[in-house]
Q: 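My structure is below; once you've seen it, I'll send some questions.
Proteins get letters first, then strands, A, B, ... in listed order; numbering begins at 1 in each.
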Number of protein chains: 4
Amino acid sequence: MSQKHASRRSTSISRIAEIRRQDLIEAAINCIAKVGYGDVTVQTICHAAGVSRGLIGHYFKGKDELLLEAVRQVTTELGNATKLAAQDAGDNPTAKLHALIDASFSPPGFTAEKVAVWTALASNAHWSPELALLYKELWRDYRYAVAHLVERAAQESTREVNPERVALTFSTLIEGLWIGWLADPESVTREAAKEACRDYLDAVLRS
Amino acid sequence: MSQKHASRRSTSISRIAEIRRQDLIEAAINCIAKVGYGDVTVQTICHAAGVSRGLIGHYFKGKDELLLEAVRQVTTELGNATKLAAQDAGDNPTAKLHALIDASFSPPGFTAEKVAVWTALASNAHWSPELALLYKELWRDYRYAVAHLVERAAQESTREVNPERVALTFSTLIEGLWIGWLADPESVTREAAKEACRDYLDAVLRS
Amino acid sequence: MSQKHASRRSTSISRIAEIRRQDLIEAAINCIAKVGYGDVTVQTICHAAGVSRGLIGHYFKGKDELLLEAVRQVTTELGNATKLAAQDAGDNPTAKLHALIDASFSPPGFTAEKVAVWTALASNAHWSPELALLYKELWRDYRYAVAHLVERAAQESTREVNPERVALTFSTLIEGLWIGWLADPESVTREAAKEACRDYLDAVLRS
Amino acid sequence: MSQKHASRRSTSISRIAEIRRQDLIEAAINCIAKVGYGDVTVQTICHAAGVSRGLIGHYFKGKDELLLEAVRQVTTELGNATKLAAQDAGDNPTAKLHALIDASFSPPGFTAEKVAVWTALASNAHWSPELALLYKELWRDYRYAVAHLVERAAQESTREVNPERVALTFSTLIEGLWIGWLADPESVTREAAKEACRDYLDAVLRS
DNA sequence: AATGAATGAGTCTTCATTCAT
DNA sequence: AATGAATGAAGACTCATTCAT
C-alpha cells in the first residue's frame with residue numbers, strides 16, 4: 001500500500017514534470033514560429049507557457065537546451081508523420097513516394113510551426129554543432145529510405161536513375177519548398193509545392 | 001585649377017566615405033558568414049572592418065540598416081554573376097539554363113559568404129518586412145527569366161512543360177541546395193548540387 | 001490557515017515590489033537633488049538605491065517613467081503638506097493663506113530635494129508633454145483653491161482684489177522663491193522668502 | 001601700405017572669427033529654446049549654425065563654454081534692454097519701475113529664446129559654479145538698482161517699505177512669471193504677467 | 001514545484017572631442 | 001579656416017541566469 005502510494009506520488013510528480021516540460025517545449029515551438037528563432041526569449045516562452053520566467057531552470061539546463069529540445073520534438077513529429085504516411089500508402093514504392101509528398105505539405109506534418117522550426121534548424125546548423133548533428137542524421141536516414149524507394153520504383157521504369165542523387169534532390173526540393181513557403185507563401189502555395197515535387201518525381205521515374 | 005582641386009578633394013572625401021561604407025558592408029557579410037546572422041554584433045563588424053564601434057553611426061542609421069545593405073549587396077552580386085553567366089552562354093536557352101546551374105555553384109556567385117547571407121535572407125524574411133520584400137522581388141525576377149528560358153527550351157522538346165512551375169522548382173532546388181550545402185557540406189557537394197540540377201533539367205526537358 | 005499563509009506571502013511579495021519601487025523613486029529624487037535633473041543616470045539612481053542597474057527594468061518601463069514617477073511623488077507630497085497646513089490653520093482664510101506660506105518654506109513640504117525636483121518640473125515642462133500636463137494640473141488646482149481663499153479674505157478688506165490674479169501672483173512668487181533659493185540660497189533665505197510672501201499678501205489684502 | 005594690408009587682413013580674419021563665434025552663439029541660443037538646455041547637442045548647434053560639427057573646437061573650448069557664452073549673451077541683452085527701458089522712462093522712480101515691468105514682458109528683452117535661456121540659467125545654477133556665479137551677479141546688480149528705485153519711490157508714499165525685500169520680491173516675481181510662462185503659456189500671458197507685477201508694485205507703494 | 005526578485009554581462013546607440021587634410 | 005572622419009567613453013536597455021522563499 002505504502003509502496004503503491006509512493007510510486008503513485010512519484011509518478012504523479014514526474015508526470016507533472018513531464019507536463020511542464022512539454023508545455024515549455026510547445027511554448028518554445030510556438031514562439032519560434034511567432035517571433036522567429038533569433039528573437040525568442042525566455043520571457044516570451046515562459047509567458048506563452050503560462051509559467052514564471054525562472055521555471056525554465058527547473059526543467060532545462062538553459063534556454064539553448066529548451067530550444068534544442070523543441071527542434072528535436074518537431075523533427076521527431078515530422079519524421080513520424082512522414083513514416084506513417086509511407087506506411088499507409090501500401091507496398092508500391094511510387095505510391096509511397098507520392099504519399100511522402102502529400103505528407104510533406106499537409107498537416108499534421110506540415111504546419112507553420114513545424115516549418116518555422118525546421119527552417120531554424122536548417123539555417124542555423126552551420127553555426128551550431130548540436131543542430132548540425134541533428135540535421136545530418138535526420139536527412140541521412142530520410143535520404144536512405146527515399147533512395148531505397150526510388151531504387152524500387154525505378155525498376156519498373158526503363159530509365160536509369162541514381163537513387164542517392166534523386167533522394168538528395170527530392171529531400172532538398174522539399175526543404176527548399178518549405179523554406180520558400182515560409183519566406184513567401186504567395187509564391188509557394190501548398191498545391192504548387194506538391195505539384196512541383198510530383199513533376200520532379202514523374203520526370204525522373206517515367207520511362 | 002581651383003575647381004579641379006575642389007572637385008578632386010570632394011571626390012576623395014566622398015570616396016573615403018564610400019570606401020568606409022563598403023568596408024563595413026563587407027565586414028558585415030564576412031561576420032554573417034562567420035558567426036551567423038543572429039549572432040552578428042556591431043562590435044564584431046567594426047572589429048572585422050578595423051574601425052571603432054562608433055563609426056557605424058556615421059555611415060548607417062544603425063545595425064539593421066547595415067545588415068540590410070549587406071544582404072542587398074550580396075544579392076546584387078549574386079544576380080550579376082547569374083546574369084553574366086547567362087549572357088556568356090550564347091543564345092541557346094538550354095545552354096543558358098545549364099550556365100545558370102554552373103554559376104549557381106561556382107565562384108564568384110557561389111561562395112560561403114554569399115550562401116550564408118542568402119540563407120539569412122531566406123530564413124528571416126518571414127519576420128522582416130524588408131527582407132521579405134527583397135526576397136520576393138529577387139525570386140520573382142529570377143523566376144520570370146527562367147520561365148522564359150524554359151519556355152524556349154521546351155519548344156525543342158516534345159514534352160509539355162509548365163514553365164512557371166519549372167522555374168519555381170528550379171529556383172527552389174537551387175536555394176535548397178545552397179542551404180543544404182551550408183548546413184551539411186559533406187552531403188551536398190558542389191558537384192552533387194550541379195548534377196542534381198542538371199538531372200532535374202534533363203528529366204524535365206528531354207523528349 | 002493556508003489562506004492566511006497565502007495571503008501573507010502574496011502580501012509580502014507585493015510589499016517587496018512596492019518597497020523596491022519606493023526605494024528607486026526616493027533614490028531618483030535624491031539623485032535629482034544631488035546631480036541635477038539633466039545629469040541623473042540609471043547608474044546613479046540604482047547605486048543610490050543600493051540595487052543593480054538592471055533592476056530598474058523590473059519596476060519601471062525605463063528611466064523616463066521612473067523620473068516622472070519621482071516628480072509625481074514629490075508634487076503629491078508637496079500638495080499634501082500644503083493641504084494639511086491649510087486644514088490645521090482653522091477657518092480664517094487669511095490665516096490659511098499665511099499657513100500656506102509657512103508650509104511652502106518649511107519642512108516637510110519645503111526641502112532641498114523637493115525644491116530641486118519642482119525646479120526640474122517647472123523648467124522642463126516646456127519640452128515634455130508629460131511634465132507639462134502635470135505642472136498645469138497642479139497649479140490649476142492650487143490657484144483655484146488660493147483664489148477662493150483670497151476671495152473670502154478680501155471680504156474682510158475694503159480693497160478690491162482680483163482673486164485669480166492674486167492667486168497667480170501668489171503661486172508664481174512662491175515658485176520663483178523656490179527656484180531662486182535653489183539657485184542662490186544666500187540671497188533667498190527661508191525667512192526672507194516667507195516675509196516676501198507675507199509682505200505681498202498684507203499689501204494686497206490690507207484695507 | 002603693407003602694414004595696412006596686414007592689419008586689414010587680420011581685422012577681416014578676426015571679423016570672420018567673430019562672426020562665426022556669434023553664429024554659433026546664436027545657434028546655441030536657438031537650440032536651447034528649441035530642444036531644451038539638457039537636450040542640446042553639438043551637432044544640433046552646428047547644424048543650426050550651418051557649419052560642420054568640428055568647427056566648435058576652433059572657437060570654443062568645448063560645448064560647455066559655448067553654452068555658457070550663449071547664456072552670458074542672453075543675460076547681457078536682457079540687462080541692456082532693461083537698462084534702456086529704465087533710462088527712457090525719465091526720472092520718476094515709479095515710472096522707471098513700471099518701465100522695467102513693461103520691458104520684462106515685451107520684446108526685445110522678452111522673447112521665447114531669452115526666457116528659455118534664463119530658465120536654463122536659473123534651474124541649473126545650483127549644479128554649475130559658472131552659472132551660479134553669473135546668476136548671482138546678475139540679480140545682485142539688478143536688485144541693487146531696483147532697491148534704489150523703490151527707496152526713492154517710497155519717499156512719495158506714506159507707507160514704510162523695505163527696499164531690499166521689495167527688490168527681491170519684485171525680481172523673483174518677474175523670474176517666476178518668466179518660468180511660469182515658459183512652462184504654461186496659457187496660464188501666464190504677457191498681459192497677466194505685467195498686471196501681476198503692477199498690482200504688486202501698486203499694493204506695496206500706495207499710501 | 002514554482003515564483004519573481006535580483007544580478008551583471010552584453011548590445012546598440014549617442015555624442016563630445018580630436019585630428020588629418 | 002573649415003571639414004568630417006574617427007574615436008571611445010558613457011548612456012539606456014535587454015536578457016539569460018541564479019537564488020532565496
Q: May I have the distance from Ile16(B) (atom CD1) to dA20(E) (atom P), rounded to whole angstrom?
A: 13 Å
Q: Of all the choices, dT17(E), dA1(F), dC13(F), which nucleotide is nearest to the side chain of Lys63(C) once you look at every atom?
A: dC13(F)
Q: Rounding to a whole Å, what distance do you find between Ile19(C):CD1 and dG4(E):P?
A: 17 Å
Q: Taking the side chain as every heavy atom from C-beta outward, state whether Tyr59(A) and Leu24(A) have any atom pair closer than 4.5 Å.
A: yes
Q: So, is Gln43(D) near the phosphate of dA16(E), with a side-chain N or O under 4.0 Å from OP1 or OP2?
A: no
Q: Is there a Watson-Crick or G-U wobble partner for dT21(F) with both distances under 3.5 Å, and if so, which one is it?
A: dA2(E)
Q: Has Thr75(B) got a side-chain atom pairing as donor or acceptor with Arg72(B)'s backbone, closer than 3.5 angstrom?
A: yes
Q: Report the distance from atom CD1 of Ile56(D) to atom C1' of dT3(F), rounded to the nearest whole Å.
A: 14 Å
Q: Taking the nucleotide of DNA chain F with the closest heavy atom to each, which residue, Asp39(A) or Gly57(A), is nearer the 5' end?
A: Asp39(A)
Q: Quick one: Arg15(B) CZ to dG4(F) P, roughly how many Å, whole number?
A: 17 Å
Q: Quick one: which of dA16(E), dA2(F), dA16(F) gets closest to the side chain of Arg20(D)?
A: dA2(F)
Q: Mind running side-chain contact (heavy atoms from CB on, under 4.5 Å) on Asp23(A) and Val51(A) for me, showing each step along the way?
A: CA-CA 9 Å; Asp23(A) 286 350; Val51(A) 298; 5.9 Å; no
Q: Which part of the nucleic acid, if any, lies within contact of Gly54(D), taking any heavy atom under 4.0 Å across all strands shown: a base, the sugar-phosphate backbone alone, or nothing?
A: base
Q: Of the nucleotides dT13(E), dA6(E), dT3(E), which one has an atom closest to the side chain of Ser52(C)?
A: dA6(E)
Q: Tell me: CG of Leu55(D) to P of dA5(F), nearest whole Å?
A: 15 Å
Q: Which whole-number value in Å describes the distance from His47(A) NE2 to dC15(F) P?
A: 14 Å
Q: Is His58(B) side chain donor-acceptor paired with the dA5(F) base, going by distance under 3.5 Å alone?
A: no
Q: Should we say atom CZ of Arg21(A) is surrounded by more than 12 heavy atoms from elsewhere, each under 6.0 Å from it?
A: yes
Q: Among dT3(F), dA1(E), dA1(F), which nucleotide sits nearest the side chain of Tyr59(A)?
A: dA1(E)
Q: Write down the distance between CZ (Phe60(D)) and P (dA2(F)), rounded to a whole number of angstrom.
A: 12 Å
Q: What is the pairing partner of dC15(F), taking Watson-Crick or G-U wobble pairs with both distances under 3.5 Å in any strand?
A: dG8(E)
Q: Output yes when at least one side-chain N/O atom of Arg53(D) is less than 4.0 Å from OP1 or OP2 of dT17(E), else no.
A: no
Q: For Glu26(D) and Gln22(D), test the side chains for any donor-to-acceptor distance below 3.5 angstrom and give the result as yes or no.
A: yes
Q: Between dC15(E) atom P and Asp64(D) atom CG, what is the distance in whole Å?
A: 15 Å
